[in-house]
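Just so we're clear, the structure is a prediction, and the values are computed from it rather than from any experiment. In the text below, chain A, chain B and the rest are named by the order of the sequence lines, each starting its count at 1.
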Amino acid sequence: MAERYYLTTAISYPNGRPHIGHAYEFIATDALARFKRLDGYDVMFLTGTDEHGIKMLQTARKEGVSPRDFAERNSAEFKKMAAALGGSNDDFIQTSEPRHYTASQAIWTLMADAGDIYKDSYSGWYSVRDEAYYGEDEVTLKEDGQRYGPQGTPVDWVEEESYFFRLSAYQDRLLDLYEQNPDFIGPAERRNEVVSFVKSGLRDLSVSRTTFDWGIPVPGDEKHVMYVWVDALTNYLTATGFPGEGERSAFWPADLHVIGKDIVRFHTVYWPAFLMSAGLPLPRRVFAHGFLFNRGEKMSKSVGNVIDPFALIDVYGLDRLRYFLLREVPFGQDGNYSHDAIVNRTNSELANDIGNLAQRSLSMIAKHCEAKVPTPGPYTSADEAVLAQSHQLLVTAREAIDRQELHAVLAAIVALVSATNRYFAGEEPWALRKTDPDRMATVLYVTAEVVRRAAILLQPFVPESAAKLLDILGVAGDRRTFSELAPERALRPGSDLPPPQPVFPRFVDQLAEEDGAKGGPK
RNA sequence: GGCGGGGUAGCUCAGAGGUAGAGCGCCGGACUCAUAAUCCGGUGGGCGCAGGUUCGAUUCCUGCCCCCGCAACCA
């Protein structure tokens with residue numbers, strides 16, 4: 001039985017349409033999932049939508065539909081996005097599903113049985129607009145007699161009965177967790193932030209609401225619904241069949257939660273505390289990615305630069321988009337995207353470097369080697385060097401993937417391809433054709449073999465294009481996993497090759513001619 | 001206020017006590033197998049400011065100026 005690997009995206013709040021931030025997280029996690037599958041793991045990849053909470057309820061009301069219908073309608077858009085992005089997720093969870101109610105109530109009961117949940121009342125200055133409570137010192141009384149919160153929104157004194165989770169009791173255990181599992185939070189900067197936050201002291205957490213009912217009822221006290229984050233985080237467990245025992249149970253604990261940097265605390269403080277309380281194993285790692293900015297500006301509805309992922313796929317094509325996002329932005333950091341950046345990056349690396357290397361070598365093979373994989377002669381040190389670099393690639397890639405450094409994997413592939421272009425130019429097979437055909441055959445063989453290895457490792461990132469590349473290399477569908485990177489699995493001399501065709505066309509910029517500097521799809 | 005991370009070539013960034021690096025861009029050359037691609041060479045930086053330690057600092061220390069993150073509920 002293969003080793004299991006369970007990874008998740010955060011579940012999206014489908015209060016509006018999916019945007020590029022959702023797409024980014026999904027694409028990255030999808031690439032990680034694909035990598036692990038190709039590397040022989042039994043992978044479970046989960047994504048979904050988080051459908052409860054007051055904001056969903058409010059938006060649904062505004063639109064005059066029930067929250068459930070609203071959730072269903074918007075969640076469908078996220079499913080569509082996952083499909084459009086070539087998603088390989090094994091499940092798509094919606095927190096309004098019955099299975100999730102069962103799981104959430106089960107974990108609640110475990111926490112309650114552990115003595116970590118108690119009823120009290122929550123009071124304070126509450127801003128409906130901000131959905132937040134503020135302390136006395138944060139509130140100012142103005143001449144109109146109304147008090148205002150720090151964001152300038154009106155606040156009212158609210159006193160609400162609420163269940164609390166004894167988070168304060170977990171401070172030491174959490175610090176031990178971070179201490180003993182330095183890889184629990186990535187990247188490292190995030191870890192430091194969390195540690196200092198927890199060290200500064202934890203307060204018990206209000207984990208139920210009575211002011212609205214769009215949520216999961218608290219077991220035994222149905223006028224309360226669970227706080228959205230108890231509900232939301234539990235989705236990761238739900239998908240494994242919790243609390244039942246089934247074929248997916250063994251996937252828990254999750255190996256990796258991929259999340260946005262804005263929700264680090266929920267995943268690295270609350271979530272492990274909930275699990276400890278419930279007596280359940282903890283996920284192995286939580287990795288926070290950064291945000292994407294549209295040409296340096298944070299996207300927002302008011303600025304009007306919210307980018308629809310469907311539009312990006314239309315303009316650039318899926319693989320170009322995937323490649324750009326995963327290559328351009330070091331995973332874990334913030335990054336920028338722009339029309340020019342997408343075109344430059346993908347033309348330079350996908351079309352000019354990788355695509356062209358395949359095309360120049362395969363078209364020579366088609367013309368001068370009877371369209372069969374050529375038979376190599378003895379290797380020179382130049383041959384050995386590129387082959388060695390191509391062998392190193394899997395090792396490098398695995399290490400990078402386990403740190404979620406997706407960009408580093410692609411950088412290593414590009415470096416190999418660059419070296420091979422240099423090698424190709426240096427060996428001049430077009431000249432060897434006349435002077436030393438055997439040597440030409442060797443150079444072409446080595447090049448094609450390197451392209452094969454690069455293509456195999458490219459699959460998680462640009463699945464469709466990598467498949468096309470492997471097609472024109474004559475690599476059978478069942479010979480594309482990472483175990484095929486072993487030296488003895490190299491291209492077989494004499495096997496037939498289909499006619500070569502370009503795999504990564506250059507992006508020809510029509511927009512530049514039409515509306516000049518503006519760039520970017522609408 | 002506090003804690004943390006930064007300010008290095010036009011752009012994005014790497015680096016590290018001993019005469020500054022990569023990719024992209026730009027300029028020139030080569031080649032023609034190839035997707036006007038590729039290869040070679042070159043251009044380009046007072047390494048935020050001011051002090052200090054040192055034979056020598058961009059790299060260590062101090063102060064200052066900017067930027068960004070965290071500081072209990074938006075991917």
5'-to-3' dot-bracket of RNA chain B (Watson-Crick, G-U; under 3.5 angstrom; crossing pairs as [ ]; | other strand): .(((((((.[[[[.)..(..]]]].(((((.......))))).....[[[[[..)....]]]]])))))).....
Rounded [atom1] spacing from [N] to [M] in Å:
N	M	atom1	result
B:C67	B:C27	P	36 Å
B:U43	B:G10	C1'	12 Å
B:G48	B:C55	C1'	27 Å
B:C68	B:G41	C1'	39 Å
B:C26	B:C11	C1'	12 Å
B:A16	B:U54	P	25 Å
B:U8	B:A50	P	16 Å
B:C13	B:G17	P	24 Å

What nucleic acid atoms does A:Asp353 come within less than 4.0 Å of, heavy atoms only: base, sugar-phosphate, or nothing?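 Counting heavy atoms under 4.0 Å across all strands, the contact made by A:Asp353 is with sugar-phosphate only.
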Roughly, in whole Å, what's the span from [atom1] in [X] to [atom2] in [N]?
X	N	atom1	atom2	result
A:Ile259	B:C70	CD1	P	12 Å
A:Phe165	B:C73	CZ	P	18 Å
A:His407	B:A14	NE2	P	10 Å
A:Arg360	B:C31	CZ	P	15 Å

Close N or O pairs between protein and nucleotides 9-13 of chain B (under 3.5 Å):
none

Least distance between heavy atoms, A:Arg320 atom then A:Phe507 atom: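 Closest approach of A:Arg320 to A:Phe507, heavy atoms only: NH1-CD1, 3.5 Å.
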So, for A:Val386 and A:Tyr423, which heavy atoms are closest and what is the spacing to 0.1 Å?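 Taking A:Val386 first and A:Tyr423 second, the nearest heavy atoms are CG1-CB, 3.9 Å.
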Please enumerate all residues that pass side-chain hydrogen bond (donor to acceptor under 3.5 Å, both in side chains) together with A:Thr442, with sequence neighbours excluded.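 Scan of A:Thr442 (side-chain hydrogen bond (donor to acceptor under 3.5 Å, both in side chains), adjacent residues dropped) gives none.
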Not counting sequence neighbours, which residues clear side-chain hydrogen bond (donor to acceptor under 3.5 Å, both in side chains) with A:Arg285? List them please.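 side-chain hydrogen bond (donor to acceptor under 3.5 Å, both in side chains) list for A:Arg285, sorted by chain: A:Gln404.
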Which residue, A:Ile263 or A:Val417, contacts RNA chain B at a nucleotide closer to its 5' end, judged by nearest heavy atom?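 Its nearest nucleotide being more 5', the pick is A:Val417.
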Take A:Glu349 and A:Asn421, find for each the nucleotide of RNA chain B with the closest heavy atom, and name the residue whose nucleotide sits nearer the 5' end.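 The residue closer to the strand's 5' end, by nearest nucleotide, is A:Glu349.
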Is a side-chain donor or acceptor of A:Asn89 paired with a backbone partner of A:Phe45 at a separation under 3.5 angstrom?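 No; zero donor-acceptor contacts below 3.5 Å.
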Residues in contact with RNA chain B, drawn from residues 440-448 of chain A - heavy-atom cutoff 4.0 Å: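 Here the set is empty: none.
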Aromatic contact between A:Phe324 and A:Tyr337, with the criterion being ring centroids under 6.0 Å apart: yes or no?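 Centroid distance A:Phe324-A:Tyr337: not below 6.0 Å, so no.
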Using residues 407-421 of chain A as the side-chain source, report each donor-acceptor pair under 3.5 Å to any protein atom, sequence neighbours left out, with the distance given to one decimal.
unit_1, atom_1, unit_2, atom_2, d
A:His407, ND1, A:Phe331, N, 3.0
A:Ser418, OG, A:Val414, O, 3.1
A:Thr420, OG1, A:Leu416, O, 2.7
A:Asn421, OD1, A:Arg360, NH1, 2.9
A:Asn421, ND2, A:Asp353, O, 3.3

Classify the angle between the aromatic ring planes of A:His257 and A:Trp271 as parallel (below 30°), tilted (30 to 60°) or perpendicular (above 60°).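 Ring orientation, 0 to 90° scale: tilted.
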A:Val258 pairs by side-chain contact (heavy atoms from CB on, under 4.5 Å) with which of A:Thr8, A:Thr29, A:Asp30, A:Thr9?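 Per the side-chain contact (heavy atoms from CB on, under 4.5 Å) rule, the option paired with A:Val258 is A:Thr29, out of A:Thr8, A:Thr29, A:Asp30, A:Thr9.
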Quick check: any donor-acceptor pair below 3.5 Å linking the side-chain of A:Tyr227 to the base of B:C73?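 Checked by distance alone, the answer is yes.
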Please tell me if the side chains of A:Lys199 and A:Val195 come closer than 4.5 Å, counting only heavy atoms from C-beta onward.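 Touching, per the 4.5 Å side-chain cut-off.
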Working to the nearest 0.5 Å, report the span between CG of A:Leu85 and OG1 of A:Thr47.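 These two atoms lie 10.0 Å from each other.
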When rounded to the nearest 0.5 angstrom, what is the spacing between CG in A:Asn192 and OH in A:Tyr178?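 The CG atom of A:Asn192 sits 12.0 Å away from the OH atom of A:Tyr178.
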